[in-house]
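Input: a single structure, listed below in structure tokens.
Chain letters run A, B, ... following the sequence lines, proteins first, then strands; residues in each count from 1. Basis for what follows: all heavy atoms, side chains included, without hydrogens, waters or symmetry-related copies.
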Amino acid sequence: MSANRQIALEVISRISGTDPGELAPEQDLVADLGVDSPRALELLVELEDRLGVEISDEDAAALNTVGDILAYVERLGER
Amino acid sequence: MKHAPVRHRLEYVAYRAAKGAILAGTHEAARRHGRHLGRLGHRVMAGRRRLALDNLEKALPELDAAARRRVARECFEHYGSTFVESVSAARFTPEEVERRFTVHGWEHLEAAEAAGRGVFLMSGHLGCWELATYLLGLRLGGLQMVARPVDNPWVDRDLAAIRERFGNRIIAKRGAGHRMLNVLRRRGRVAIVIDQRVHWREGILVPFLGRPAWTSPVVAYLSLRTGAPVVPLFCFPEGEGGYRLELSPAVVPRGEGEAGVEALTGEYMAVVGEEIRRRPELWLWMHRRWHGWDRS
């Protein structure tokens, strides 16, 4: 597992209160994991802090599921 | 558009007809007619009227029953005129915006911007908050505003075009938090009204006009995160068709963590509450602001 992926799973787990082993790519942050607006902001900010990036508005708007986030951070790792 | 519900189409037709009638007259007439519309709303919207009176009794117990009835009636009149004026103001040229506004406390905004962290321009549903963005956008070269879309997509598109004049841009409420963060990172300005009730899952409880109220913590969180000061500003009707914009010294972020967010949010609501006490007839009393306060 890549370092970025590990970080993303940790962040999603902490923010959503869901055990990492229970996270699945198809889970929607809001509908399935109950991440509300303030917590979604916190999630993005923590990802930025830990990955050392600033997420653009366009990229942030596309991060709706666990899979979206994992794919995004993997692409970051390939740059 | 051909798949839009019939109701939306009918609403849009009515809206366009009303807008045409408003723009056919003067802006001063729009304010007068808007107040008549609000007075009608006060008569027919019994549930909202009772809600306004109940909120007034709990928030401003020093008012007697006659005063509460007067304030409730005047707030309906004010909101009628605010709605009509927002549409009427579509005609304003930059010169007319400057002519109609008197501004007090602009130096507070300049001082806040000098910090170089971006700035929040914070108001409440008090007075003529929407129209203030015209003057601000004109003088600042545009700002970003958080706004909830109107349910009717056609009316919303028209209102958005009015709102996005003078360089202003709307930040949709969905995903607004991170968008605001990116604006502040670029030293931009974000205009926001902070006195709306939020769902208990998305808010924190802070005192507001004497009672706990669910309030968004996002502004405080971002202010602490970025160092962006929060400049309170309020806009009031003045004369027959003019406006008075008042800016106050910025609330500078201090503290940290959840305690810092709660303290700052409480401070913002105290500032808004103080302005409401000064001009209670200009606030949105018919809103369920304190709904769900007993849930945590």
Side-chain angles (χ1 to χ4, degrees), chain A residues 4 7-19 22-23 25-77 79, chain B residues 117-118 120 144-148 169-188 190 192 194 196-206 214-228 253 256-258 260-262 264-265 268 292 295-296:
Chain A
N4 282 3
I7 288 170
L9 288 171
E10 287 174 3
V11 173
I12 297 170
S13 171
R14 188 186 79 74
I15 295 293
S16 68
T18 306
D19 191 270
E22 294 177 351
L23 294 175
E26 65 274 11
Q27 288 171 322
D28 185 276
L29 294 178
V30 177
D32 299 316
L33 299 180
V35 176
D36 53 45
S37 296
R39 300 294 277 175
L41 170 60
E42 206 177 326
L43 187 154
L44 291 174
V45 168
E46 188 167 332
L47 278 177
E48 290 177 326
D49 285 347
R50 293 193 59 182
L51 297 173
V53 299
E54 283 187 6
I55 303 173
S56 70
D57 290 344
E58 293 71 26
D59 286 341
L63 300 179
N64 299 306
T65 67
V66 172
D68 291 338
I69 294 175
L70 294 180
Y72 175 75
V73 301
E74 295 280 26
R75 287 196 298 274
L76 287 177
R79 290 180 189 169
Chain B
R117 303 295 189 99
F120 274 110
Q144 307 273 332
M145 310 181 291
V146 180
R148 177 187 169 278
R169 287 294 174 267
I170 294 173
I171 299 176
K173 270 205 166 182
R174 184 177 168 85
H178 196 262
R179 287 180 182 265
M180 289 193 281
L181 174 60
N182 278 342
V183 170
L184 295 171
R185 282 170 170 160
R186 296 190 299 267
R187 312 289 188 262
V190 177
I192 190 164
I194 199 167
Q196 266 186 300
R197 174 174 58 88
V198 298
H199 193 279
W200 64 270
R201 288 186 191 277
E202 302 200 350
I204 56 174
L205 276 175
V206 295
W214 290 107
T215 307
S216 173
V218 170
V219 173
Y221 175 84
L222 290 175
S223 179
L224 280 172
R225 173 82 190 172
T226 62
E256 58 181 35
E258 290 185 5
V261 168
E262 184 175 339
L264 278 175
T265 304
Y268 304 151
R295 181 170 196 165
S296 61

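For the atom pair B/Arg186 CZ and A/Glu54 CD, the distance stands at 9.5 Å (nearest 0.5 Å). Distance check: B/His199 NE2 to A/Asp36 CG gives 9.5 Å after rounding to the nearest 0.5 Å.
Within the 4.5 angstrom heavy-atom criterion, only side-chain atoms of A/Ala60, from C-beta onward, approach chain B.
With a 6.0 Å radius and a threshold of 12 heavy atoms from other residues, nucleotides or ligands, B/Arg117 has its CZ atom at or below the threshold. The 12-atom threshold is not exceeded at CD of B/Glu258, counting heavy atoms of other residues, nucleotides or ligands nearer than 6.0 Å. Counting heavy atoms of neighbouring residues, nucleotides and ligands inside a 6.0 Å radius, atom CD of B/Glu256 does not exceed 12 of them.
A pairwise comparison of heavy atoms in B/Leu181 and A/Glu48 identifies CD2-OE1, 3.8 Å as the closest pair. Across A/Leu41 and B/Gly177, no two heavy atoms sit closer than the pair CD1-C, 3.6 Å.
Heavy-atom pairs under 4.5 Å with chain A were tallied for B/Arg185, B/Met180, B/Arg179, B/Lys173; the largest tally goes to B/Arg185.
Proximity of a side-chain donor or acceptor of B/Asn182 to a complementary backbone N or O of A/Ile55 within less than 3.5 Å is detected.
Contact check for A/Asp59 versus B/His178: no side-chain heavy atoms found under the 4.5 Å cut-off.
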